[in-house]
Amino acid sequence: QVQLVESGGGFVQAGGSLRLSCANSGRTFSTNAMGWFRQAPGKEREFVAAIRWANSATWYTDSVKGRFTMSRNNVMNTVYLQMNSLKPEDTAIYYCAARTGSRGAGILTMRAAYDYWGQGTQVTVSS
């Protein structure tokens, strides 16, 4: 079974930084893309960032552009989300998601594009 595990969340003051990691602790799979989503209390889960495996193209939601950077480490089978200049509105549970290569192309900003999800890691930004 594929098991995505997020780490790196925590409590930070506004303007600070955190680096989230997502690793697969279960069976391997052919990766089409990886994504990060977040969900604040009382709100829908929303797209944050994604990376396409084939060409390393990345996408970011407007509210995090210039502050967040998604990257990958193929040797470690891990993806990262570097979050700088954090704001209180970034407070949410952050989820890692994976799209398998067998599905081919997809709209990576949509939750339905992904096949596997982690359990999430809490990020809290204080003012």
Side-chain angles (χ1 to χ4, degrees):
Q1 183 69 257
V2 172
Q3 291 181 301
L4 302 181
V5 181
E6 304 95 336
S7 62
F11 190 92
V12 65
Q13 293 182 331
S17 298
L18 288 172
R19 186 177 180 86
L20 305 184
S21 300
C22 174
N24 175 26
S25 65
R27 69 173 178 86
T28 59
F29 61 93
S30 179
T31 306
N32 176 271
M34 300 289 291
W36 287 97
F37 289 72
R38 66 187 181 187
Q39 186 167 22
K43 296 185 178 181
E44 297 293 319
R45 189 172 300 188
E46 66 174 352
F47 169 78
V48 177
I51 183 168
R52 190 181 298 280
W53 226 248
N55 60 3
S56 298
T58 54
W59 292 263
Y60 301 93
T61 192
D62 287 344
S63 63
V64 309
K65 288 180 179 178
R67 300 188 298 121
F68 291 10
T69 303
M70 190 173 182
S71 62
R72 64 178 181 178
N73 186 321
N74 291 336
V75 175
M76 299 295 294
N77 295 311
T78 304
V79 296
Y80 307 94
L81 185 67
Q82 178 67 45
M83 305 186 295
N84 298 326
S85 302
L86 283 163
K87 305 175 181 179
E89 48 263 47
D90 295 318
T91 295
I93 300 175
Y94 283 70
Y95 297 90
C96 175
R99 178 181 176 86
T100 63
S102 63
R103 295 188 65 182
I107 304 173
L108 301 181
T109 58
M110 299 179 62
R111 296 188 300 273
Y114 299 89
D115 302 290
Y116 304 106
W117 293 83
Q119 293 300 304
T121 184
Q122 178 70 49
V123 171
T124 302
V125 184
S126 63
S127 60

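Pairs engaging residues 53-63 under the salt bridge (Lys or Arg N to Asp or Glu O under 4.0 Å) rule: D62-K65 [sequence neighbours left out]. Residue pairs meeting the salt bridge (Lys or Arg N to Asp or Glu O under 4.0 Å) criterion with at least one partner in residues 22-35, sequence neighbours excluded, are absent. Here salt bridge (Lys or Arg N to Asp or Glu O under 4.0 Å) pairs that include residues 111-121, with residues two or more places apart or in two chains, are R103-D115. Note on residues 3-12: no pairs pass salt bridge (Lys or Arg N to Asp or Glu O under 4.0 Å), not counting sequence neighbours.
Of the inter-residue distances, the one linking L108 atom CG with W59 atom CH2 reads 5.5 Å to the nearest 0.5 angstrom. With rounding to the nearest 0.5 Å, the separation of OG in S63 from CD in E89 is 8.5 Å. Considering OG1 of T58 and CE of M70, their distance stands at 9.0 Å, rounded to 0.5 Å.
Note: the hydrophobic cluster containing Y80 does not contain V64 (ILVMFWY, side chain heavy atoms under 4.5 Å, direct or indirect links).
Side-chain contact between M83 and V123: present, with at least one pair of heavy atoms (C-beta onward) separated by less than 4.5 Å. Using a 4.5 Å heavy-atom threshold, the side chains of C22 and W36 count as touching. T61 has its side chain out of reach of F68: every pair of non-hydrogen atoms, C-beta onward, lies at least 4.5 Å apart. Within the 4.5 Å cutoff, the side chain of T100 has heavy atoms near those of the Y116 side chain.
Taking all atoms of both residues into account, the shortest heavy-atom contact from W53 to M34 is CZ3-CG, 3.4 Å. Nearest heavy atom pair, residue Y114 against residue A50, reads OH-CB, 3.5 Å. Closest of all the heavy-atom pairs between A14 and S127 is CB-CA, 4.3 Å. Shown here for G118 and Y95, the closest heavy-atom pair between the two residues is O-CD2, 3.5 Å. In terms of heavy-atom proximity, S17 sits nearest to S85 at OG-N, 4.3 Å.
The backbone N or O of Q3 lies less than 3.5 Å from a partner atom in the side chain of N24, making a donor-acceptor pair. Of the possible donor and acceptor atoms, none in the side chain of R99 sits under 3.5 Å from a partner among the backbone N and O of N32. A donor-acceptor contact shorter than 3.5 Å is absent between the side chain of R72 and the backbone of S56. With hydrogens and angles ignored, the 3.5 Å screen pairs no side-chain donor or acceptor of Y60 with any backbone N or O of R67.
Ring pair F37/F47 is perpendicular by interplanar angle, where above 60° counts as perpendicular and below 30° as parallel.
The only option from V5, V79, T78 that meets the side-chain contact (heavy atoms from CB on, under 4.5 Å) definition with C96 turns out to be V79.
In terms of the side chain to side chain contact (heavy atoms under 4.5 Å, CB included) criterion, residue partners of E46 (sequence neighbours excluded) are, by chain and number, R38. With sequence neighbours excluded, the residues that form a side chain to side chain contact (heavy atoms under 4.5 Å, CB included) with V12 are L18, L86, V125.
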*asked:* Could you go through R19 and S71, starting from their C-alpha distance and side-chain angles, then the distance that decides it, and tell me whether this counts as side chain to side chain contact (heavy atoms under 4.5 Å, CB included)?
replied: CA-CA 11 Å; R19 186 177 180 86; S71 62; 3.8 Å; yes
